[in-house]
Number of protein chains: 2
Amino acid sequence: MVNYNKIPQATAKRLPLYYRFLNNLHIQGKDRVSSKELSNAMKVDSATIRRDFSYFGALGKKGYGYNVDYLLGFFRKTLDQDENTPVVLIGVGNLGTAFLNYNFTKNNNTKIEKAFDADPSKVGKKIGNIQVYHVDELEEQIGDIHVAILTVPVAEAQPMADRLIESGVKGILNFTPARITVPNDVRVHHIDLAVELQSLVYFMKHYPLEEIE
Amino acid sequence: MVNYNKIPQATAKRLPLYYRFLNNLHIQGKDRVSSKELSNAMKVDSATIRRDFSYFGALGKKGYGYNVDYLLGFFRKTLDQDENTPVVLIGVGNLGTAFLNYNFTKNNNTKIEKAFDADPSKVGKKIGNIQVYHVDELEEQIGDIHVAILTVPVAEAQPMADRLIESGVKGILNFTPARITVPNDVRVHHIDLAVELQSLVYFMKHYPLEEIE
DNA sequence: GTGAATTAGTGAATTATTTCACGACTTTTC
DNA sequence: GAAAAGTCGTGAAATAATTCACTAATTCAC
Ligand SMILES: NC(=O)c1ccc[n+]([C@@H]2O[C@H](COP(=O)([O-])OP(=O)(O)OC[C@H]3O[C@@H](n4cnc5c(N)ncnc54)[C@H](O)[C@@H]3O)[C@@H](O)[C@H]2O)c1
Ligand SMILES: NC(=O)c1ccc[n+]([C@@H]2O[C@H](COP(=O)([O-])OP(=O)(O)OC[C@H]3O[C@@H](n4cnc5c(N)ncnc54)[C@H](O)[C@@H]3O)[C@@H](O)[C@H]2O)c1
């Protein structure tokens, strides 16, 4: 069996990308693919792809490549694509609204179920078919949801994270620039868009002509 | 002098984070800080911080720490914070609109100067004080701007990237799920939000109780 | 059916990054 | 002004990730 503890984090981060790409191939009706083709399409070295897959066993066939449907089915199980993961979104501002209007469920096992905001003028609306509640109702509405997207103003990030964790949240996708502090059974991924933009500019200036990432 | 070619990419990616954080300390009027304090606040190991800084020379003082203003001034120069980098945004949809409404210039040397969309109903407006042009005017309007944020539908990503590169763009922050192909003097950073969300869920399930990233 | 071409899987080498741990120096305390 | 405490900078070790390069298996072309 697959030993998940042995799967490198770098590999784990690429899995959703592989999954989505295989799903597209499947939709296109392609039934076979090689690590070289995958490499060209996803800009990941072909040896890295083969190595990544190999952590899950021998999924391909020498001289042939990988069977798209088989591989897809395998990853579906591995990534638990069958069961949907419900998510809440906190902070229906510029960024929050964009996310509510986007259908993550397409190609993805996550779904934003409920949104919360402190601004009464946003409460009660439906955006992208998702109901917006007042943040005061968080505790009664969150139910069994353990994943949150955090798009509140930076000053609210830590208090809101504390409150989410109090309500049973175990994973936070944090778009605020604040580096929030959490107990170590809670996972936080930071996506810092301003940093990403600045980072791109820095790399453009100082690492010309090289292949990076 | 600093040899930029010797600076690890992992370090380079953290620099904008350091910069922003130091800027906040400066605004708060703090004049000294240790790698330990920085570590707590930014969730980066203190040895990693000291190592990162050390690529730029001996910026601190033993037994004391770092002088906030000195360090900030140093990074300002290093990250070229003095000169503003102009940016264009292509695709004024959900995500694009959110970015136009956000002031990246705060704490940051980048500024979205112009936006482009193919939808005539969006053209001519100002969003977040940024003028929206028709994408047909791209070539005449882009001038000396070499950085683009790409928030168009996935099918438009590659053709639009080609067109941007044709117009002199050297760096693209790509929010579409497409892994675009570019000449190797052009840098692309992909931010794949659906993948990030799925990745968070995967890590929650399979890497419980560990400190990651 | 046969030889050429293709391609997965992987041991080993390489490269990149993080972390430990300690000497050197500075500041603080009394 | 001496001792204690704090903290940087860094060599070396540890860990993580990527890439090379080869073998073995399979497919493909004819
Ligand atoms: N918009 C961007 O492009 C962008 C870019 C980089 C970073 N960010 C970060 O993302 C976060 C959100 O940005 P935004 O532009 O969407 O901001 P925004 O001000 O448009 O939205 C914030 C929303 O949070 C709500 N809110 C405030 N306090 C709340 C609370 N306690 N509980 C629930 N909701 C609350 C506000 O009513 C508002 O609707 C900010 O931290 C910002 O720094 C945004
Ligand atoms: N909104 C999200 O939360 C989200 C999340 C993950 C990924 N994405 C990706 O980001 C991209 C944008 O998402 P969105 O929700 O903002 O989409 P959207 O449909 O709201 O916006 C796309 C915009 O691009 C414009 N456009 C179309 N063709 C164009 C062209 N050739 N030139 C210029 N403009 C053009 C459209 O008129 C529209 O305004 C998509 O690729 C999407 O997959 C979005």
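In what follows, chains are A, B, ... by sequence order, proteins preceding strands, each numbered from 1.
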Taking a pair to mean Watson-Crick or G-U wobble geometry with both distances below 3.5 Å, D/dA29 pairs with C/dT2
Write down the partner of C/dT26 under the Watson-Crick or G-U wobble criteria, each distance required to be under 3.5 Å. D/dA5
Classify A/S46 by what it touches in the nucleic acid, base, sugar-phosphate, or nothing, heavy-atom distance under 4.0 Å. nothing
Below the 4.0 Å mark, does [N] have OP1 or OP2 next to a side-chain nitrogen or oxygen of [X]?
X: B/S35; N: D/dC8; result: yes
X: B/T48; N: C/dT18; result: no
X: B/R32; N: C/dT28; result: yes
X: B/K61; N: D/dT7; result: no

[X] [atom1] - [N] [atom2] separation (whole Å):
X: B/N40; N: D/dG6; atom1: CG; atom2: P; answer: 15 Å
X: B/F56; N: D/dC8; atom1: CZ; atom2: P; answer: 17 Å
X: A/K36; N: C/dA8; atom1: NZ; atom2: P; answer: 10 Å
X: B/R14; N: C/dT17; atom1: CZ; atom2: C1'; answer: 8 Å
X: A/I49; N: C/dA8; atom1: CD1; atom2: C1'; answer: 12 Å

Closer to the 5' end of DNA chain D via nearest nucleotide, is it A/R50 or A/T11? A/T11
Walking DNA chain D from its 5' end, the first of A/A47 and A/G63 to be reached, judged by nearest nucleotide, is A/A47
A/N24-A/Q28 side chain donor-acceptor pair, cut-off 3.5 Å: no
What nucleotide, of C/dT17, D/dT18, C/dT10, holds the atom closest to the side chain of B/P8? C/dT17
Out of C/dC20, D/dA17, D/dA25, whichever nucleotide has its closest atom nearest the side chain of A/K62: D/dA25
What I'd like to find out is whether the side chain of [X] reaches to under 4.5 Å of the side chain of [Y], using heavy atoms alone.
X: B/I7; Y: A/Y202; result: yes
X: A/Y102; Y: B/N94; result: no
X: B/F99; Y: B/L95; result: yes
X: A/R14; Y: A/T48; result: yes

Please list, in numerical order, the residues of residues 64-78 of chain A that have a heavy atom closer than 4.0 Å to any atom of DNA chain D. A/Y64
Testing the basics here: between B/V68 and B/R32, what is the closest heavy-atom pair and its distance to 0.1 Å? CG2-N, 3.7 Å
Classify the side chain of B/R51 versus the base of C/dT19 as yes if they form a donor-acceptor pair under 3.5 Å and no if they do not. yes
Euclidean distance, B/R20 CZ relative to B/L15 CG, rounded to 0.5 Å: 13.0 Å
